[in-house]
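Along the sequence shown, the residues carry numbers beginning at 1. In this text, all values refer to a predicted model and were calculated from it rather than measured experimentally.
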Amino acid sequence: CKRQLPILYSLRESFGITILGVSADGGVYPGLDQVIKDESVTNDPSVQAFPTIMLVDSKTAKKLFIAKGLTTKDRLTDLIYKKILEVENA
């Protein structure tokens, strides 16, 4: 998770996203916009590795899976654009 943070911070600067950290054990990393503790995250079938990157639809609160494990900025950008287009065209 810690190695993913600089990439997420860069995405925040580029695209104005909000970074919500969800921690199963209460661990907090500096620089996150918001952190919540949720032990049930370990039972979520879409969370198979840490970090797991998701978009959260601000209108519906629906979680949209993006990636698991350490992912480059270019790859995340591509995956996010594809997911947004997928949702908009649904």
Checking Asp78 now: which residues fulfil salt bridge (Lys or Arg N to Asp or Glu O under 4.0 Å) with it, not counting sequence neighbours?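 For Asp78 the salt bridge (Lys or Arg N to Asp or Glu O under 4.0 Å) partners, ignoring immediate neighbours, are Arg75, Lys82.
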
Could you walk me through whether Val22 and Leu20 satisfy the side-chain contact (heavy atoms from CB on, under 4.5 Å) test, starting with their C-alpha distance in whole Å, then the side-chain angles of each, then the deciding distance to 0.1 Å, before giving a yes or no? CA-CA 6 Å; Val22 180; Leu20 168 65; 4.3 Å; yes

Check the surroundings of atom CZ in Phe15: do more than 12 heavy atoms from other residues, nucleotides or ligands lie under 6.0 Å from it? yes

Salt-bridge contact Lys63-Asp57 (side-chain N to carboxylate O under 4.0 Å): no

Is there a donor-acceptor contact under 3.5 Å linking the side chains of Asp74 and Thr72? no

Are [X] and [Y] linked, directly or through other ILVMFWY residues, by side chains that come within less than 4.5 angstrom of each other?
{"X": "Leu5", "Y": "Val56", "answer": "no"}
{"X": "Val28", "Y": "Ile36", "answer": "no"}
{"X": "Tyr29", "Y": "Leu70", "answer": "yes"}

Distance check, rounded to the nearest 0.5 Å: [X] atom [atom1] versus [Y] atom [atom2]?
{"X": "Lys73", "Y": "Ile7", "atom1": "NZ", "atom2": "CD1", "answer": "9.5 Å"}
{"X": "Ile84", "Y": "Asn89", "atom1": "CD1", "atom2": "CG", "answer": "11.5 Å"}
{"X": "Leu64", "Y": "Lys62", "atom1": "CG", "atom2": "NZ", "answer": "6.0 Å"}
{"X": "Leu55", "Y": "Leu79", "atom1": "CG", "atom2": "CG", "answer": "9.5 Å"}

Can you tell me if Ser23 uses its side chain to pair, donor with acceptor, with the backbone of Gly21 under 3.5 Å? no

Distance-only, no hydrogens or angles: does the Ser10 side chain make a donor-acceptor pair with backbone N or O of Pro6 under 3.5 Å?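 It does not hold such a pair.
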
State, to 0.1 Å, how close Gln4 and Pro51 come at their nearest heavy-atom pair, and which atoms those are.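 Heavy-atom minimum between the residues: CB-CG, 3.9 Å.
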
Taking all non-hydrogen atoms of both residues into account, name the closest pair between Leu11 and Leu76 and its distance. CD1-CD1, 3.7 Å

Report the C-alpha distance between Ile66 and Ile80 in whole Å, list the side-chain angles of each, state the deciding distance to 0.1 Å, and finish with yes or no for side-chain contact (heavy atoms from CB on, under 4.5 Å). CA-CA 7 Å; Ile66 300 297; Ile80 289 168; 4.1 Å; yes

According to side-chain contact (heavy atoms from CB on, under 4.5 Å), who are the partners of Lys68, at least two apart in sequence or on a separate chain? Gln48, Ala49, Thr52, Phe65

Mind checking side-chain contact (heavy atoms from CB on, under 4.5 Å) for Ile19 and listing every partner two or more places apart, or none if nothing turns up? Leu8, Tyr9, Arg12, Leu32, Asp33

Leu85 side chain reached by Lys83 side chain, heavy atoms, under 4.5 Å: no

Run the side-chain contact (heavy atoms from CB on, under 4.5 Å) test on Val47 and Met54 for me, step by step, so that the C-alpha distance in whole Å, both residues' side-chain angles and the decisive distance to 0.1 Å come before the verdict. CA-CA 10 Å; Val47 178; Met54 297 184 189; 3.9 Å; yes

